[in-house]
Protein chains: 2
Amino acid sequence: MQREYGRRTLLHQIRRAGRIPRIELADLTGISRATVTTITAELLSRGLIEEVQRDESGPDSRRGRPRVDLKIRGAAHLLVGVKVSHHKLSLVLLDFEGEQLAAKECDLPAPVNAPEALADAIRDAVAHLATTAGRRAEEISGVGVGIAGIVEATDGFVHWSPSLSVRNVDLGALLTRTLGTPCFIDNDANLVAVAEQTFGLGREHKDFLVVTIESGVGLGMVIGGALYRGTRGCGAEFGHTKVQLNGALCRCGQRGCLEAYVADYALLREATLVSGLPPTGDPGTRIETLLDAARTGDATARSILDRAGQIFAMGLANLVNIFDPELIILAGEQMQLDHLYADAVIEAMRKSIVQVDKPPPEVVVHKWGDLMWARGAAAYALEQVSELALDRLDEDAA
Amino acid sequence: MQREYGRRTLLHQIRRAGRIPRIELADLTGISRATVTTITAELLSRGLIEEVQRDESGPDSRRGRPRVDLKIRGAAHLLVGVKVSHHKLSLVLLDFEGEQLAAKECDLPAPVNAPEALADAIRDAVAHLATTAGRRAEEISGVGVGIAGIVEATDGFVHWSPSLSVRNVDLGALLTRTLGTPCFIDNDANLVAVAEQTFGLGREHKDFLVVTIESGVGLGMVIGGALYRGTRGCGAEFGHTKVQLNGALCRCGQRGCLEAYVADYALLREATLVSGLPPTGDPGTRIETLLDAARTGDATARSILDRAGQIFAMGLANLVNIFDPELIILAGEQMQLDHLYADAVIEAMRKSIVQVDKPPPEVVVHKWGDLMWARGAAAYALEQVSELALDRLDEDAA
């Protein structure tokens, strides 16, 4: 009855299933067998899916009939995912089935770059990534880019990012122009949520939150099976929710933000009182010294980390009280932030939520590296490129 | 292709349109004309919709052809909505088109009742409401009930409610048994969101929040056009999000909850220092005295109300930073809470959100009375009864 709806439903179902016979597609989706035959013929002719011989060694194999499954055609499209972080780019190359063909990391010229410099760096890194897989950059159908900050995903507009030297950058358009292939931008925490949805724990959950802890605190929200991005491109700003009226000064210029209590700069601001801590120098090293001091019983260091943990627990409890999610995933690769992942923090969070006679939401820690974030960006590109291919099919068929 | 999907889409579209010809239904939904004819015949035979002669006075009228629109058949079902509040029940009776046939308010035996006593009171009030409209209680197809507290809407289970003397009550089942008709329970703030979606500003918005302020603070979230209720029945507990680590004691037993700063009991806890305020007595009268004192320049009274406003602004800003909604509706009938609706509060909220070069979300104050809340409850019953009718149709057709 709605051919567009049928195309999307069937392609999605084939991707979910891996390999699936036509008759099962009809059963699973409620779409008639005749329509399944018509639509899958269209998808085959566009090269988005392919037929494969069924493995006939199973118990219900029968002789004499050709048995054919449908699957996504990996060669249909090449996708790249890029994570922009403080000092480097992390990239993966996927095929249309989601198989990883190559991965790479490379340094950025600086932590904060002009938009053109960042675009050039991404273009060069993508070209190099393609080469390592024996492919050409021109073969790539889409590039997903995750970046920290306030990003409007629908048009790739970046209101603000700690990685960019200027505000209000039309980064999607700039990258698409520079790379010569469609580029799709989103907030990096959203793309971790996409990674969890596509490759991780999110496959079994419809309502979950991903909280990312790097130098800032990010949030990705999956509600009813879909990523929720807000309406002006500035939702999920968990790090800037206020935990104290007129509280500590935040990098954003406001007071009392969660980040102003739990981010690395917030810890270091207080840490000058800790014995043995160098007053200046590399933040990573200084944080490590602070953590060491706490482990060896320095009371001031312990007090600094304890408060960060208490405030983080309070922030998490607020999310649970609002969303009541099935699952919260804490993600971030910085092992140095172990104090925020501690059992005591999870326990404090559980005591601060509304108490009912049901178990609290599950909390899972995923210390995935930047390449997983890049896979999320690639999964986002895959989704967008699929949609573009289906849009073209709708138009040609209309 | 999916008959169940088609039935729901068409019934929904007819409800949305008010009156609509079959051919326009096909155009709007993309469902083929043949299928529209088949499905609308089913809906007609079940009495859920009816045919009406088109008003032929319009400019595109043509002679000689019978012109027929489809519309929801009001007489198909009678629905009741009930709001349970501190001292009273508010009820409305709607037909299947959503037309209000009767309304009534009546006192509850006590602010806190045993579940059976509450169920009996609701049964009697519903019967009386039906009588005032010249109908019998047996004709009612469904009753929606909104109650404050932690409610699992899917099965009508109440974890906790300030209106009930015990925790963990299977109120949906108890009411269905007592009234002899299907009863659907939800948190009252959720049903205000349903009222806004069905009859109010929510008709034009896909992502909006309703914050209710009565003796507690409630939240209803509409995300992607659907009410989001959380996964354990205890989402949207905005009043118990923490605004201060180890802060003021809340009625819930925890510390630092938003409610512990903005609810009436929180104001009165501090107000003993205000001159002229009676130390005990009716909370409403004492709050009124506190507000009068603030208006006439009592510095202590001002300080109490100012802090409540600041904390409320901080809570609202946190919601905006997380959801980035199109619209926030502040709802609640207590005119005495004007200090929370003040321009200064909205302004403080706007200063506390993440700043981008786009206008902040719209904030609207709706001082709807309890009958509007009851209409939300009735709209919820209407939705559930529609769904039950469609389920029966699906089963019979299968």
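Every heavy atom of this structure was used, including side-chain atoms; hydrogens, water molecules and symmetry mates were not. All chains are named by letter (A, B, ...) in the order of the sequence lines, taking the proteins before the strands, and each is independently numbered beginning at 1.
Side-chain contact check for B:K358 versus A:H159: some heavy-atom pair is nearer than 4.5 Å. Looking only at side-chain heavy atoms (C-beta outward), A:Q355 and B:Q254 come within less than 4.5 Å of each other. A heavy-atom distance below 4.5 Å is not found between the side chains of A:V354 and B:W160.
For A:L319, the part lying under 4.5 angstrom from a heavy atom of chain B is the side chain only. Contact annotation for A:K206: neither backbone nor side-chain heavy atoms come within less than 4.5 Å of a heavy atom of chain B. A:R255 does not touch chain B: none of its heavy atoms, backbone or side chain, sits under 4.5 Å away.
Interface remark: of the candidates B:I322, B:L219, B:I150, B:I322 forms the most heavy-atom pairs closer than 4.5 Å to chain A. Contact count versus chain A (heavy atoms, under 4.5 Å) is highest, among B:A226, B:P361, B:G224, for B:P361. Counting heavy-atom pairs closer than 4.5 Å to chain A, the top-ranked of the candidates B:N318, B:V36, B:N168 is B:N318.
Using a 4.5 Å cut-off between non-hydrogen atoms, the part of residues 237-247 of chain B that approaches chain A consists of B:E237, B:H240, B:T241, B:K242, B:V243, B:Q244, B:L245. Contacts between residues 304-312 of chain A and chain B, defined by a heavy-atom separation under 4.5 Å, are made by A:Q310, A:I311.
Ring pair B:F323/A:F323 is tilted by interplanar angle, where 30° to 60° counts as tilted.
Residue pairs satisfying the side chain to side chain donor-acceptor pair (under 3.5 Å) criterion with at least one member in residues 218-231 of chain B, sequence neighbours excluded, are listed as follows: B:D186-B:R229.
Shown here is A:R350, whose CZ atom has more than 12 heavy atoms of other residues, nucleotides or ligands within 6.0 Å. Around CZ of B:R33, the count of heavy atoms belonging to other residues, nucleotides or ligands within 6.0 Å does not exceed 12.
The salt bridge (charged side-chain N to carboxylate O under 4.0 Å, His left out) test applied to A:D324 returns B:R232, not counting sequence neighbours.
To the nearest 0.5 Å, atoms CG (A:N321) and CG (B:L258) are separated by 11.0 Å.
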